[in-house]
There are 2 protein chains.
Amino acid sequence: MKYIEKLRNSGLRPTKQRLQICEILFDREKTFHFTINELDQKIKNKIHNKISLATIYNTVHAFEKKGYLKQIPINSNQTYFDTNVTDHHHFYNLEDGKLIDLENSDVGPINIKKKINGKKIKSIEILVKLED
Amino acid sequence: MKYIEKLRNSGLRPTKQRLQICEILFDREKTFHFTINELDQKIKNKIHNKISLATIYNTVHAFEKKGYLKQIPINSNQTYFDTNVTDHHHFYNLEDGKLIDLENSDVGPINIKKKINGKKIKSIEILVKLED
DNA sequence: TTGTAGTTTATAATGGTTCTAAACAGCTGT
DNA sequence: ACAGCTGTTTAGAACCATTATAAACTACAA
């Protein structure tokens with residue numbers, strides 16, 4: 001299993017639940033945008049044993065802390081996560097609430113002219129809202 | 001009262017509560033970033049009658065719908081609102097959770113190269129996360 | 001003044017997320 | 001292989017921001 005080493009290297013024990021969640025999250029070609037609720041549904045559909053909701057929360061947060069997932073800054077009643085942890089941006093379709101990736105190369109260079117004393121920029125994230 | 005006309009023109013009755021909330025929100029020089037909770041505290045400090053929490057929610061949402069407030073897209077356990085409804089961006093100080101305005105003129109032109117069929121861009125918002 | 005539609009209010013309900021504490025499972029040293 | 005430690009999973013309770021409810025109230029037009 002390719003995820004066993006990855007988890008162990010991060011100081012996370014490769015439990016059955018974590019490995020199953022890894023497969024659902026990372027065995028895919030395209031970026032996966034999801035809420036905990038959507039992930040829970042996917043898990044219910046794809047695997048036969050039950051994974052408790054608390055474990056899903058724990059795992060997603062553990063993966064986020066280790067840098068395998070990141071939160072998408074968006075106002076919604078649910079928190080969105082993204083398997084694409086590179087620097088990139090999002091289209092947000094207001095009609096259906098779906099997200100679409102905007103790679104860094106899809107956006108011209110961003111020039112932040114204002115500086116804040118003693119602070120440095122950790123990330124720059126653009127949210128482009130779309131309407132019909 | 002300068003807000004009476006403004007409210008009436010928007011189809012909102014100028015009630016005592018709404019006028020008091022207007023003064024707290026809009027009688028200031030600088031942009032105000034706030035959560036419902038912070039607004040509730042400010043109301044408790046500044047006025048003597050009580051305004052119910054439900055009214056605060058109702059009013060903020062009514063003002064947002066009319067375009068006098070806007071939500072700031074940020075992941076937090078509470079929703080942030082902004083009295084600056086112009087097109088602009090934010091610094092987000094990760095250390096203390098405070099927001100700082102980034103005017104459009106503080107950011108160079110943004111070029112979104114990717115297009116989505118049948119969709120048009122409603123807004124472009126940048127969140128710049130700051131660390132020490 | 002009277003009617004009505006909009007508003008406020010206290011309180012209950014909702015729902016995503018976090019906490020708890022007990023059972024369980026990897027892992028290391030023997 | 002076993003013991004023991006510590007990390008993990010789990011069901012359910014708790015938490016808390018937000019929304020819904022429904023009754024009292026109020027601005028405003030007729």
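Computed from a predicted structure; not experimentally measured. Chain letters run A, B, ... following the sequence lines, proteins first and then strands; every chain starts at 1.
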So, does Q17(A) get its side chain near the phosphate of dT10(D), meaning an N or O under 4.0 Å from OP1 or OP2?
yes
In whole angstrom, what separates N58(A)'s CG from dG7(D)'s P?
14 Å
Quick one: which protein N/O atoms are closer than 3.5 Å to N/O atoms of nucleotides 26-30 of chain D? Pair and distance per line, please.
unit_1	atom_1	unit_2	atom_2	d
dA27(D)	N3	R13(B)	NH1	3.1
dC28(D)	OP1	R8(B)	NH1	2.2
dC28(D)	OP2	R8(B)	NH1	3.4

Pairs in or reaching into residues 111-132 of chain A: which pass salt bridge (Lys or Arg N to Asp or Glu O under 4.0 Å), with residues at least two apart or in two chains?
K119(A)-D132(B), E125(A)-K129(B), K129(A)-E125(B), D132(A)-K119(B)
When the distance from CZ of F34(A) to P of dG16(C) is rounded to whole Å, what number comes out?
16 Å
Side chain to side chain contact (heavy atoms under 4.5 Å, CB included) filter on K16(A), not counting sequence neighbours, yields Q20(A), N49(A)
Where the side chain of S52(B) is concerned, which of dA10(C), dT10(D), dT8(C) is the nearest nucleotide?
dA10(C)
Short N/O separations, protein against nucleotides 15-19 of chain D, under 3.5 angstrom:
unit_1	atom_1	unit_2	atom_2	d
dT18(D)	OP1	T79(B)	N	2.9
dT18(D)	OP1	T79(B)	OG1	2.7
dT18(D)	OP2	Y57(B)	OH	2.7
dT18(D)	O5'	Y57(B)	OH	3.3

Between C1' on dT9(D) and CD1 on I56(A), what's the gap in Å once rounded to a whole number?
12 Å
Once you round it to whole Å, what is the distance between C1' of dT8(D) and CD of Q20(A)?
14 Å
Check side chain to side chain contact (heavy atoms under 4.5 Å, CB included) between S52(B) and all other residues, then give those that pass, not counting sequence neighbours.
A54(B), T55(B)
Please report the shortest heavy-atom distance between L39(B) and V60(B), naming the atom on each side.
CD2-CG2, 3.6 Å
d(NZ, K65(B); C1', dT7(C)) in whole Å
14 Å
Tell me, do K6(B) and F26(B) make a side-chain contact under 4.5 Å, heavy atoms counted?
yes
Donor-acceptor pairs under 3.5 angstrom involving side-chain atoms of residues 62-73 of chain B: please list them, not counting sequence neighbours.
unit_1	atom_1	unit_2	atom_2	d
K66(B)	NZ	S10(B)	O	2.9
Y68(B)	OH	S10(B)	OG	2.3
K70(B)	NZ	T86(B)	O	3.1

Check the angle between the aromatic planes of Y57(A) and H61(A) and answer parallel, tilted or perpendicular using the 30° and 60° thresholds.
tilted
Identify whether L127(B) and L102(B) are in the same connected component of the hydrophobic contact network (ILVMFWY, side-chain heavy atoms under 4.5 Å).
no
Under 4.0 angstrom between R18(B) side-chain N/O and dT8(C) OP1 or OP2:
yes
Parallel, tilted or perpendicular, judged at 30° and 60°: which one describes the rings of H90(A) and H33(A)?
perpendicular
Distance in angstrom units between K50(B) NZ and dA24(D) P, rounded:
18 Å
Given atom NZ of K66(A) and atom C1' of dG7(D), what is their separation to the nearest angstrom?
12 Å
Nearest whole angstrom, please: distance from the P of dC25(D) to the CD1 of I51(B).
18 Å
